[in-house]
Amino acid sequence: MQTLLEPLLQKEFLKNIFSWFQNHGRQDMAWRKTRDPYAIMVSEFMLQQTTVGTVKPYFDRFLGKFPTLETLAGGELNEVLALWSGLGYYARGRNLWAAAREITAKHAGRIPREFEKLQKLPGVGPYIAGALSTIAFNEPAPVLDGNITRVMLRILAIEDDVKLKAVQVILRKAAFDLSVQAKRLEERFKTLEKMGGPRSLSLALMDLGATVCLPRNPACEICPVAIHCLARRFGRQNSIPIPGEKAERPTVRRLYAVISRKGAWLMGQRPKEGLFGGLWEFPGFDVPSGEEPIPFLERGVFKETGVPIRVKESVTAFEHQLTHRIYAVRPFIAEISHRAGRWRLKAKGEIYEKFRWIAPAAISRHGISAITKRILAESKVEPGD
Ligand code: SF4
């Protein structure tokens with residue numbers, strides 16, 4: 001049986017998907033209307049694990065503040081994280097900033113167009129390198145995001161776990177071969193500039209996955225490449241991809257202390273490396289099982305920050321889900337305990353590398369963690385005197 005790994009079928013496939021893309025491609029995104037590699041790079045960092053609708057306002061704000069790679073490289077990480085606040089996965093923001101600095105230092109401020117060079121930049125894995133090579137520079141490269149992977153698995157009727165190395169090799173080869181063919185097609189039919197090329201291919205496959213080849217109930221009857229799809233031919237489109245094994249996520253109890261003084265909150269900044277890196281938050285601690293939360297929090301805050309506190313009341317508890325764990329968050333409002341006598345805020349602790357009293361008006365200039373943002377929003381706390 002012939003498959004998409006064969007060149008003749010690839011050409012046919014490309015013609016079908018390009019003509020569909022011309023009429024049905026999604027053009028309403030700011031990062032699709034530009035050829036500026038920097039803007040495309042920003043969008044690709046933001047779009048990892050995040051939907052188009054969520055990214056749109058963040059993208060506009062980010063480009064408003066940092067319109068060029070040069071401005072980003074010259075900016076402060078704090079400003080970057082503040083703009084990233086609420087978007088989650090903050091490592092992306094830190095890496096984007098670090099990548100901009102590295103491009104400035106090592107590539108004279110020009111984003112490399114080669115897949116291999118791109119992959120050496122901070123936070124740039126095979127997906128972003130492929131997306132940048134193809135979308136920003138129209139260079140052939142394998143691009144496999146979640147949508148494209150699903151489309152390719154179905155077209156090739158692969159019923160094995162996508163995490164298997166052998167499956168990855170097949171997908172990458174198919175994706176790269178298609179991209180190379182797209183480049184050839186474009187060069188051969190120069191007059192049909194809009195119709196071909198690695199850039200159009202990446203965007204078309206993304207759109208096909210997002211609007212037609214959906215995770216559930218793919219719309220095969222309107223699919224422009226149904227004729228090439230083995231899953232459809234075998235009636236397996238609803239069972240591919242096969243479900244992966246879900247890892248158990250542990251639940252961690254985390255306590256936060258909302259402490260205020262002279263109209264400002266006490267916040268700590270996490271070290272740049274690691275979870276919530278570089279973000280500011282209310283002092284927070286994971287509480288081991290068997291520990292009483294309130295005494296544990298009071299002791300923990302004093303040891304970490306040097307500020308003696310007394311917990312006054314609890315505010316709304318909630319869950320915060322990460323890919324690898326779930327935080328059961330319990331915030332408490334606490335006051336400074338003057339019975340403890342003289343005290344001094346430490347410069348840094350074991351968990352936080354800096355402490356600061358931050359007034360509400362200054363919050364937007366700091367990158368704050370999503371948990372702290374939610375504590376602020378749900379409890380509507382105001383700093384006291
Ligand atoms: Fe997806 Fe169906 Fe098209 Fe195959 S025919 S690519 S399963 S939408």
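Each ligand, and each atom within it, is numbered from 1 in the order the structure gives.
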> With R299, which residues qualify under side-chain contact (heavy atoms from CB on, under 4.5 Å), at least two apart?
Replying inline: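 Per chain and number, R299 pairs via side-chain contact (heavy atoms from CB on, under 4.5 Å) with E291, P295, F296.
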>> Restricting to distances shorter than 2.8 Å, give the number of protein N, O or S atoms close to atom 1 (Fe) of ligand 1.
In response: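 For atom 1 (Fe) of ligand 1, the figure is 1.
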> For T68, what residues pass the side chain to side chain donor-acceptor pair (under 3.5 Å) criterion, not counting sequence neighbours?
Replying inline: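 Only T71 meet the side chain to side chain donor-acceptor pair (under 3.5 Å) criterion with T68.
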> Hey, which of E304, Q269, E281 is the one that makes side-chain hydrogen bond (donor to acceptor under 3.5 Å, both in side chains) with Y352?
Replying inline: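 Looking at E304, Q269, E281, the match for Y352 under the side-chain hydrogen bond (donor to acceptor under 3.5 Å, both in side chains) is E281.
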>> Walk me through whether E139 and R113 qualify under salt bridge (Lys or Arg N to Asp or Glu O under 4.0 Å).
In response: CA-CA 7 Å; E139 294 286 345; R113 54 196 301 136; 3.1 Å; yes
>> Could you check, using the six-membered ring where one of them is a Trp, whether W31 and F59 have ring centers closer than 6.0 angstrom?
In response: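 That pair passes the under 6.0 Å test.
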Pair up each side-chain donor or acceptor in residues 115-126 with any protein partner under 3.5 Å, not counting sequence neighbours, and list the distances.
none

